[in-house]
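Beneath this line is the structure, given in C-alpha cells, with notes to follow.
Per chain, numbering begins at 1; letters A, B, ... match sequence-line order. What you see is a predicted model; the values in this text were computed from it and never measured.
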Amino acid sequence: MLDKTYSPQSVEARISERWDQSGAFEAEASDNKAPFAVMMPPPNVTGSLHMGHALNMTLQDVLTRYRRMSGRNALWQPGTDHAGIATQMVVERQLREEGTDRASLGREKFVDRVWQWKAESGGTIVKQLQRLGASPDWRRERFTLDEGLSEAVRTVFVRLYHEGLIYRDKRLVNWDCQLLTAISDLEVDQRETKGHLWHFKYPLEGAEEGAPNSFITVATTRPETMLGDTAVAVHPDDERYAHLIGRHVLLPLVGRRIPIVGDTYSDPEKGSGAVKITPAHDFNDFEVGRRHGLEAINILDKHGQLNDAVPEPYRGLDRFEARKRVVVDLEALGLLEKIEDQVHAVPYGDRSNTVIEPWLTDQWYVDAAVLAKPAIEAVEEGRIRFVPKNWENTYFEWMRNIQPWCISRQLWWGHQIPAWYGPDGHIFVAMDEAEAVKLAEDHYGEPTKITRDPDVLDTWFSSGLWPFSTLGWPEQTPELKTFYPGDVLITGFDIIFFWVARMIMMGLHFMDDVPFRDVYIHALVRDEKGQKMSKSKGNVIDPLELMDAYGTDALRFTLVAMAAQGRDIKLSEQRVAGYRNFVTKLWNAARFCQMNECAYAAGFDPAGCAMTANRWIISACAEAVRDAGQALDAYRFNEAANTLYSFVWHTFCDWYLEIAKPALYGDDGADKTETRSAAAWILERTLEALHPLMPFVTEELHESLAKHEHDMLVTTEWPAFDKGLIDTSAKQEMDWIVRLIGEVRSVRSEMNVPPGATVPLQLADANERLCAWFGTHKTTIETLARVDASISAQPSQDADRGDSIQIVLDNATLLLKIADFIDIAEERARLERELSKINGEIAKIDKKLSNPKFLERAPEDVVEEQRERRADADLSRQKLDQAVARLNAL
RNA sequence: GGGCGCGUAGCUCAGCGGGAGAGCACCACGUUGACAUCGUGGGGGUCGCUGGUUCAAUCCCAGCCGCGCCCACCA
C-alpha cells in the first residue's frame, strides 16, 4: 500500500538510478525510428544550477521525454562549456588565495591546474541536472575543450582562414584592463553613468594670444584622452568653424600641432560643435582618423595606465588619475571653459565589471557579415523558425548590422589559436605544429623557427560549432547523419546573438544545412517582485532548495505551467507549494485506486464501456491528452500543464472518482469490474501523459501499482487516442448530472442545510430524456448531492405548499424538499434574481437577433447558436415563471 | 534615437473577434471509508484611457498614459 503522502527525497534518487541503468535515455544513430534531436545549451563547467538552467533544462526534458514516448529516436545531447574567462577567473582566484598567480606558475602548469580543477569540481552542474530529472544521453556528454571538439575548432579556424573569412587586423578593440584581454562587443555592457562634460579651449596656431577668436573649444567626457588627440573635427557646413578647416591648433599640455579637419561626423548640435579626435581611443575617432590619414597615438598600456607617448608628468598614471590631472592642469592654464553635468554611456566588461578601453591591438577577426548572409536567409525563408516569432526581428536587426567578430582572447584557458609566426611575422595557419613547420619550411626554403600565437579563441567560437562538433564532425559519423539538423533549440533570449546566431552561421557554412528547425526562446525567471535575480540583490531563489523542500516534480511542473510564451516568469515559492499539492493529489488518487483494486485488466476495451460515467471519463481523458499533446507540439507548455492539471484534479478526482465510489464500494458485479478497469486505465494514461512534466512521481506510481502493461514509464508510449474514444453523448449526459449536483449543493449551502442531512429531491416536469438520465444516475445524484432522489411527472404538492425549493435546470424543475429551511420571502427573492438574470441574457440575445445587419452579415452558425441560446433561455424562463407563480399562489 | 513586450479579480497570470477564466489569497461550512499538502459552497473585474474598423471588440487598428527589456558610436 502506498504511503499517505509522497516523499520525493527517498524516491527521486532511486528512480534516477533505475533510468540510468535501463539505458532509457540512450539514442543510437542506427535506430530506424524517426530521429528527434535537441542540443543542450552547454552550461559553464564553473556553473551551478540556477533557476534559468532549471527552466531551460526542464523544457528540453519535457520535449525530449514527450518525443521519446511518442516513438521518436530522441537524442538530447548533453555537455558543458569550458567558459574561458569565467573558468580562468575561478582558478586565478584560488591561486591568489594560495598567494601565487598564473604568471609565476607559467602557462603549461596553469592550464594543468585548470584541468585539475575541472576534474574535481566541474561535474557539479551535471549532478544537479540529474537531480532535475534531465534525460539526455549522458554517455555522449561532451566538453567544448575535449579532444574531438578541439579538432573541430581547429578545422573550422583553418578553413575559414583559407577562405579569407578569418583574418588578422590591427584596429580598436574593447580592452579589459583587469582581465588583460580583448572582448567582443557583446561582452560589453553600456551603462548610463553620471559624469561631466568638460569644455577645453585649444589655442589656434597663428592666432594672436588673448584675441577673442584665438581658441577653438572642444568638449569631452574623457579629458585624459586629449593627450592622444591628433585632430579637431568640425562639420564642413558649420558656419562658425568652416573657415578654420585646414588650420591647426597647438594641443595644450602636449604641444603637438594638430589639424582642424572637416568631417560630417562632427555634430554642430553637440557640445561646442567642434570635437577632439583621438583615433587610438575612440571608435568614432578611429574612423575619422582613417578618413583623414591621422596618426593614432596609443597613450595607454594594457593596464590602462598612461605610457611613454604622453609628456613625462603623466607617465605611469592610472587613466582615472590622469583624468583629474589633465583637468587641473588645463584649468591652471586658463583653458578650462566650463564643466557641465552629463549622463553618458560608459562601457563595462560584463565579467570583470571594470571600465572597458577602446585599445589599438592586433587581433583575429571573423568576417561575420559574409557568414550572416545565408543565416539571415534561412530565417527569412522559414527554414528556421523562432518561437515566439517576434524574436526574429531581434535576430534580423543584429544580423543585418553585424560587425567583424573579434575572436582572439589574451587568456590561457581555451583553444589556442592554430597560427604560427615566422621571424618576419609571416603567418602560418595549420592543424598542428608539424604542419605549420612544414609550411614554414616551404615558405622560407629552409627549416625556420616559428612561434605559435599565444592567444586562445573566444569561448563562443567553439560553442558555435556545438550542433555538429558534438556529433563527431569533422568525421562523417552516423550520428551526424542521423541527428543533424536537430529539431529544436531551447534557450533564453540573452544568448540569441552570442550563441544562436553563431550556430546558424557556422552550421550553414560547414554543414550546408541549418542546425535546427525551431528555436524556442523562453523567458527569464525573475523573483516574485519581478526583479532579475542576482547575487548582489540577494533575491536568488535556489532551485535545489525548492527541490529539497517540495520535490523536483513540483518545481518542474511550476516552471512548465508558468512558461507562457513571451512573458517573464515571476516565481513565487507559494506557487511551487501549490503544485506540490498537485503531486500529492495525484499520489492520493493512485492510492485510492490501489485500495480499491483498480488494476490494469488485460482485456479491457476503453471503447466498449457499458456505464456512461466510464465512457465519459475515458472521453474526457482522451480530450485532455489530445489537447496537451497539441499544446506541446506548439511549444505551449503552460497550456499542456494546465490541461492535465485540470483534468486530473477537477475531472478525475473531484468528479469521476466520487462518482465511481458507489460502484467500487458496492457488491461484485459487472459495474464494479468495469469501473475498476476504467479507473485503472485512466490512471495509467494520466501517469503517461504527465510523465514528461513530472517524471519522478509518475514513474514511482507506475512502479507501485499492482499490475501494468510496461516495465518503466520512461519507455512507455505517450497515450495516443483515436477519435473513437471521444463520446459526445456521454459528455452531454454527464455534464447535465454534474450541473444538477452543483445546483443542489449550491442551494443547500445557501439555505444552510446541514451537510450531513439527506433531503428528498424530485425531478419534476421533465422530458423523457432527462428522466432517463436522472434515473440512470440516481445513485450518483443521491451520493454526491446527499438526497433521496425520485421522479414525478408533475410538479409535486410540496412545491405548492411551499415545502420545496424549486431549482430550474434548463427545461426541468428540481424540487428540493427542505421545508424547515425555507423562508418564503427569501425564496421568492432568489427566484426573482434568477429570473432577472435570465431575462437579462434574453434581452442581450434579442438585441442581436433583432438587428437585421447581424442576421445578414454574421455567419450562419453564429446566428443559429444565438437562436438556440435564446430557445434554451426561454425554456428556463418558463420554468422560473411557473416556480414564481406557484410561490405567489401560496 | 530605433526595436520588442506588458497593463484582465486583492496577488501572480491564462485567454485574445461572438456567453469574462485559473491558481493563490479571502469568507462560510465540513473529522462522509484516497487526500486537511483536503472537500463543498461563496464574494470579488466599466479586461489602462480615448477614438476607429466591424453586424459584433477584453481580443484587430491608431493615439495617449503607465511599466519593463533589448539594441545603438555620439563629444
Side-chain angles (χ1 to χ4, degrees), chain A residues 2 4-6 190 197-199 218-222 225 233 265-267 269-278 282-287 342 344-345 358 388 390-391 393-394 396-398 401 493-494 496-497 523-524 526 528 530 532 550 554 561-562 564 566-572 574-575 577-596 636 638-639 642 645-646 650 653-654 657-658 661 665 741-742 745-750 752 754-756 783-784 786 841 844-845 847-848 851-859 861-863 865-866 869 873:
Chain A
L2 292 167
K4 214 167 164 181
T5 51
Y6 169 62
Q190 300 285 347
L197 190 59
W198 286 274
H199 294 249
V218 296
T220 181
T221 54
R222 302 194 46 199
T225 61
Y265 162 66
S266 179
D267 182 348
E269 306 292 314
K270 294 276 162 61
S272 64
V275 59
K276 59 191 271 315
I277 301 297
T278 321
D282 182 282
F283 288 96
N284 288 308
D285 293 5
F286 185 76
E287 294 305 320
Q342 169 101 347
H344 61 120
N390 14 328
W391 290 109
N393 288 332
T394 307
F396 286 138
E397 173 62 21
W398 188 71
N401 298 299
F493 59 81
D494 48 333
I496 289 177
F497 306 144
L524 216 64
R526 297 171 178 280
E528 53 200 318
K532 206 166 165 173
Y550 301 102
M562 296 184 83
R567 195 194 272 253
D568 286 345
I569 295 177
K570 285 184 208 168
L571 191 70
S572 80
Q574 214 175 34
R575 196 75 184 250
Y579 287 116
R580 184 269 324 267
N581 295 353
F582 177 57
V583 172
T584 309
K585 190 72 185 177
L586 178 68
W587 180 265
N588 277 293
R591 184 164 178 264
F592 173 81
C593 288
Q594 190 186 40
M595 289 170 78
N596 289 284
R636 293 194 306 265
N638 59 321
E639 267 184 52
N642 289 332
Y645 178 97
S646 166
H650 298 127
C653 293
D654 289 350
L657 290 182
E658 293 305 321
K661 275 176 182 175
Y665 294 160
I741 291 164
R745 282 171 168 175
S746 179
V747 168
R748 289 180 62 123
S749 174
E750 237 175 284
N752 295 313
T783 315
L784 299 196
R786 280 258 170 167
E841 205 186 322
K844 254 166 95 179
I845 303 171
K847 199 181 155 199
K848 279 189 182 178
N851 180 349
K853 283 185 172 172
F854 173 74
L855 297 176
E856 188 187 325
R857 302 197 190 174
D861 56 323
V862 170
V863 175
E865 192 191 327
Q866 295 300 320
R869 278 184 61 200

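- With rounding to whole Å, Phe396(A) atom CZ is found 19 Å from C71(B) atom P.
- Following rounding to the nearest Å, Gln594(A) (CD) and A34(B) (C1') show an atom-to-atom distance of 10 Å.
- A distance of 7.5 Å separates CG in Asp282(A) from CZ in Arg222(A), rounded to the nearest 0.5 Å.
- Between Asn642(A) and Ala561(A), the closest heavy-atom pair is OD1-CB, 4.4 Å.
- Across the P atoms, G17(B) and G23(B) are found 24 Å apart, a figure rounded to whole Å.
- Regarding Phe854(A), its CZ atom lies at a distance of 17 Å from the P atom of G17(B), rounded to whole Å.
- Checked by atom type and distance alone, the side chain of Arg591(A) never pairs as donor or acceptor with a backbone atom of Thr5(A) at under 3.5 Å.
- Comparing the P positions of A36(B) and A22(B) gives an interatomic distance of 25 Å, to the nearest angstrom.
- The distance from atom CZ of Arg745(A) to atom P of G42(B) is 11 Å, rounded to the nearest whole Å.
- A72(B): no Watson-Crick or G-U partner with both key distances under 3.5 Å is found in any strand.
- Relative to the side chain of Ser746(A), the nucleotides C71(B), G41(B), A34(B) differ in distance, and G41(B) lies closest.
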Q) Between Lys585(A) and Tyr645(A), does a side-chain contact (heavy atoms from CB on, under 4.5 Å) hold up when you go through it step by step? A) CA-CA 10 Å; Lys585(A) 190 72 185 177; Tyr645(A) 178 97; over 6 Å; no
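- Of all heavy-atom pairs between Leu2(A) and Ala590(A), the closest is CD1-C, 4.0 Å.
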Q: Go through the steps to decide whether Glu658(A) and Thr783(A) satisfy the test side-chain contact (heavy atoms from CB on, under 4.5 Å), and finish with yes or no.
A: CA-CA 9 Å; Glu658(A) 293 305 321; Thr783(A) 315; over 6 Å; no
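- In a base pair of the Watson-Crick type (N1 to N3 plus N6-O4 or O6-N4) or a G-U wobble (N1-O2 and O6-N3), with each distance short of 3.5 Å, A34(B) is matched with no nucleotide.
- Residue His650(A) has a polar side-chain atom (N or O) positioned under 4.0 Å from OP1 or OP2 of G23(B).
- Going from the P atom of C4(B) to that of A9(B) covers 26 Å, rounded to whole Å.
- Base contact: Arg869(A) has a heavy atom under 4.0 Å from a base atom.
- The Lys4(A) side chain lies nearest to A36(B) when the options are U37(B), A36(B), G19(B).
- Within the 4.0 Å cut-off from OP1 or OP2 of G19(B), not a single side-chain nitrogen or oxygen of Lys844(A) is found.
- Distance check on atom C1': U58(B) versus G45(B) gives 11 Å, rounded to whole Å.
- Atoms NE2 and OG1, from His199(A) and Thr220(A) in turn, are 10.0 Å apart once rounded to the nearest 0.5 Å.
- With hydrogens and angles left out, the side chain of Lys585(A) and the base of C35(B) share a donor-acceptor pair within 3.5 Å.
- Under 3.5 Å, the side chain of Arg575(A) and the base of G23(B) form no donor-acceptor pair of N or O atoms.
- Counting to the nearest Å, the P atom of G39(B) and the CZ atom of Arg786(A) are 17 Å from each other.
- Nearest nucleotide to the side chain of Asn393(A), out of U37(B), G39(B), C4(B): C4(B).
- Within 4.0 Å of Thr394(A), counting heavy atoms only, lies no atom of the nucleic acid at all.
- The side chain of Asn588(A) approaches A34(B) more closely than any other nucleotide in the set G30(B), C73(B), A34(B).
- Pairing of A22(B), defined by two Watson-Crick or G-U wobble distances under 3.5 Å, is identified with U12(B).
- Within the 4.0 angstrom heavy-atom criterion, base atoms lie near Ser266(A).
- Base pairing of U40(B) is made with A28(B), judged by Watson-Crick or G-U wobble geometry with both donor-acceptor distances under 3.5 Å.
- At whole-Å resolution of the value, NZ in Lys847(A) and P in A56(B) are 10 Å apart.
- If you check G19(B), C69(B), C73(B) against the side chain of Tyr265(A), the one that comes closest is C73(B).
- Within the 4.0 angstrom heavy-atom criterion, base atoms lie near Pro859(A).
- Atom CZ in Phe497(A) sits roughly 11 Å away from atom C1' in A72(B) (whole-Å rounding).
- Within 4.0 Å (heavy atoms only), Ser749(A) reaches sugar-phosphate atoms of the nucleic acid but no base atom.
- Within the structure, a side-chain polar atom (N or O) of Lys661(A) is placed less than 4.0 Å from OP1 or OP2 of A34(B).
- When Watson-Crick and G-U wobble pairs are counted only if both distances are under 3.5 Å, C47(B) pairs with no nucleotide at all.
- By the stacking rule of 5.5 Å between ring centres and under 30° between planes, Tyr665(A) stacks on the base of G33(B).
- Within the 4.0 Å cut-off from OP1 or OP2 of C35(B), not a single side-chain nitrogen or oxygen of Asn581(A) is found.
- Here the separation of C13(B) from G68(B), taken at their P atoms, is 14 Å to the nearest Å.
- Comparing atom distances between the Arg580(A) side chain and each of U37(B), C71(B), C35(B) picks out U37(B) as nearest.
- Nucleotide U58(B) forms no Watson-Crick or G-U wobble pair with any nucleotide shown, as no partner meets the under 3.5 Å limit on both distances.
- G66(B) is paired with C6(B) under the Watson-Crick or G-U wobble criterion, all donor-acceptor distances under 3.5 Å.
- If you check G18(B), A34(B), C13(B) against the side chain of Cys653(A), the one that comes closest is A34(B).
- Summary of the strand contacts: Glu750(A) and Asp282(A) both lie near RNA chain B, and taking for each the nucleotide with the nearest heavy atom, the more 5' one is attributed to Glu750(A).
- Annotation for Glu856(A): atom CD counts as buried by contact number, over 12 foreign heavy atoms lying within 6.0 Å.
- Straight-line distance from the NZ atom of Lys570(A) to the C1' atom of C11(B): 10 Å, rounded to whole Å.
- Side-chain atoms of Glu658(A) and base atoms of A34(B) include a donor and an acceptor less than 3.5 Å apart.
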